[in-house]
Structure formats: structure tokens, C-alpha cells
Amino acid sequence: NHPLDSRLCEASLREASHSLESRIHEHGNDSMKERRALLVAIDLLLVNVAVLIALAIWALRGDKDWGGEFLLSQAFWFALLSALWIVFAFLGSLYDFPTIANSSVTWAALLRTVGWVIFAYLAIYFLALPNSLPRLVVFYHGAATVLLIGGWRVLYSALANRTPFRHRDRKSTRLNS
């Protein structure tokens with residue numbers, strides 16, 4: 001029952017408590033990082049599905065043969081629109097945690113990102129040689145992207161509000177406080 005022993009015991013308990021709290025906090029951050037990675041991966045998949053839809057509409061409207069050869073000749077669209085998407089989605093805060101958690105903010109960030117992608121493409125279009133790039137593909141892509149990613153985010157929001165997700169978030173939030 002020496003006073004020094006009780007201070008050492010208190011210090012050890014404080015250190016153990018702090019260590020546990022930091023591990024719980026890191027786990028909560030890991031969970032949110034995993035969710036962000038999931039959103040980015042599925043968004044990119046859907047951006048590329050939107051490219052397929054845009055190319056299909058463009059081929060249909062222009063009497064082009066939509067097939068493997070046509071898609072190979074238009075492969076740059078996948079890289080270009082994916083790169084523009086990633087840059088502007090992160091600049092537009094689409095993957096920030098407060099945005100992810102709020103559906104109206106998510107919709108605003110989604111529309112802003114699509115707008116910036118279209119604007120960037122139009123800048124490229126007007127700087128390119130005349131008739132070297134199609135005009136409407138990026139608009140078809142923008143519309144398809146809003147529908148696909150908007151639908152995905154509505155589904156994600158509904159799933160994220162279900163009990164297993166909410167329970168895990170509440171537990172990590174409560175322990176982080």
C-alpha cells in the first residue's frame with residue numbers, strides 16, 4: 001500500500017485505457033477507409049459502364065457497328081473519363097466522410113463532379129483539331145453516370161442505415177468519445 005505503487009498502477013491503467021481508445025479509433029477509421037475504397041471502386045466500375053452506354057448510344061445514333069472492334073478503337077474513353085472522374089470526384093469532395101454520410105450533399109457533389117467532367121471534356125474538345133472528337137458522347141456519359149452512380153449511392157445509403165452498419169458505427173463512435 002505504498003503511494004508510489006498506487007500512482008504506478010493509475011499510470012498503467014491510464015496508459016492501457018489510452019492504448020485501447022487509440023486502437024478503437026484506428027479501427028473506426030479503417031472501417032470508414034474501407035467504405036470509401038468500396039465507393040471509389042464501384043463508382044469507377046459504374047463510370048466505365050456509363051462509357052459503354054455512351055458509346056452504344058453514339059454508335060446507334062451514328063450508324064456505327066457497335067462491337068469489339070469499335071470498342072477497341074474507342075478504348076481511350078475508358079481511360080480519359082475514369083481519370084477525369086477520379087480527379088474531379090476527389091476535388092469535389094464526393095469521397096469525403098461528411099459527404100458520404102449525407103445524401104443531399106452526395107447528390108450535389110455527384111452533379112458537381114459530372115459537370116466538371118463535362119466542362120473539362122469540352123475544353124479538350126475545343127482545343128482539339130476540328131472534327132477529331134465527338135461532341136455528344138460526354139453528355140450521354142454524364143447522364144448515364146448520374147443515373148448509375150446516383151442509384152448506387154441511394155442503395156448504399158439504404159444499406160448503410162441498416163442495423164449491422166449502424167451498430168458498428170455507433171459502437172466505434174461511442175468508444176471514440
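Quantities reported herein were computed from a predicted structural model and do not represent experimental measurements.
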Please report the shortest heavy-atom distance between A50 and L148, naming the atom on each side.
N-CD1, 3.8 Å
Does L71 reach the side chain of W66, with side-chain heavy atoms less than 4.5 Å apart?
yes
Pairwise distance NZ(K64) to CD(Q74) - rounded to 0.5 angstrom
8.0 Å
Say whether V105 and L91 are linked into one hydrophobic cluster, either directly or through other cluster members, by side-chain heavy-atom distances under 4.5 angstrom.
no
For the student: nearest non-hydrogen atoms of L46 and W152, plus distance
CD1-CB, 3.5 Å
Using the six-membered ring wherever Trp is involved, compare the ring planes of W58 and F70 and label them parallel, tilted or perpendicular (cut-offs 30° and 60°).
tilted
Do L60 and V138 belong to the same hydrophobic cluster, where Ile, Leu, Val, Met, Phe, Trp and Tyr are linked whenever their side-chain heavy atoms lie under 4.5 Å apart, directly or via other members?
no
Closest heavy-atom contact between L94 and L110?
CD1-N, 3.7 Å
Min side-chain heavy-atom separation Y140-I53 under 4.5 Å:
no
If two hydrophobic side chains count as joined below 4.5 Å and joins carry through other members, does L127 share a cluster with V87?
no
Hey, could you give me the CZ/CD1 distance between R35 and I100, rounded to the nearest 0.5 Å?
9.0 Å
In this structure, would Y156 and L45 fall into the same cluster of hydrophobic residues linked by side-chain contacts under 4.5 Å?
no
Which atom names give the shortest non-hydrogen contact between R153 and L39, and what distance separates them?
NE-CD2, 3.5 Å
Does the side chain of V146 reach to within under 4.5 Å of the side chain of W107, using non-hydrogen atoms?
yes
Can S82 and N48 be said to form a side chain to side chain contact (heavy atoms under 4.5 Å, CB included), step by step?
CA-CA 7 Å; S82 291; N48 284 286; 3.0 Å; yes
Nearest 0.5 Å please: distance from the CG atom of L44 over to the CG atom of L81.
11.0 Å
Would you say that W77 contacts H141 through its side chain, given a criterion of any heavy-atom pair below 4.5 Å between the two side chains?
no
Only pairs under 3.5 Å count here: list side-chain donor-acceptor contacts from residues 111-122, not counting sequence neighbours, and write none if there are none.
from, atom 1, to, atom 2, distance (Å)
R112, NH2, G92, O, 2.9
T113, OG1, A109, O, 2.7
Y121, OH, P134, O, 2.4

Honestly curious: do F76 and L52 fall in one hydrophobic cluster under the side-chain, below-4.5 Å linking rule?
yes
Please check this pair: side chain of T106 against backbone of T99, looking for a donor-acceptor N/O pair closer than 3.5 Å.
yes
Hey, does F78 have a side-chain heavy atom less than 4.5 Å from the side chain of V47?
no
Before you tell me yes or no, could you show the steps for T145 and D43 under side chain to side chain contact (heavy atoms under 4.5 Å, CB included), namely the whole-Å CA-CA distance, both residues' side-chain angles and the distance that decides it to 0.1 Å?
CA-CA 9 Å; T145 300; D43 284 1; over 6 Å; no
Any donor-acceptor pair under 3.5 Å from N102 side chain to S104 backbone:
yes
Under a 4.5 Å cut-off applied to non-hydrogen side-chain atoms, are V137 and V51 in contact?
no
Where do Y95 and A89 come nearest, in terms of heavy atoms and distance?
CE1-CB, 3.4 Å
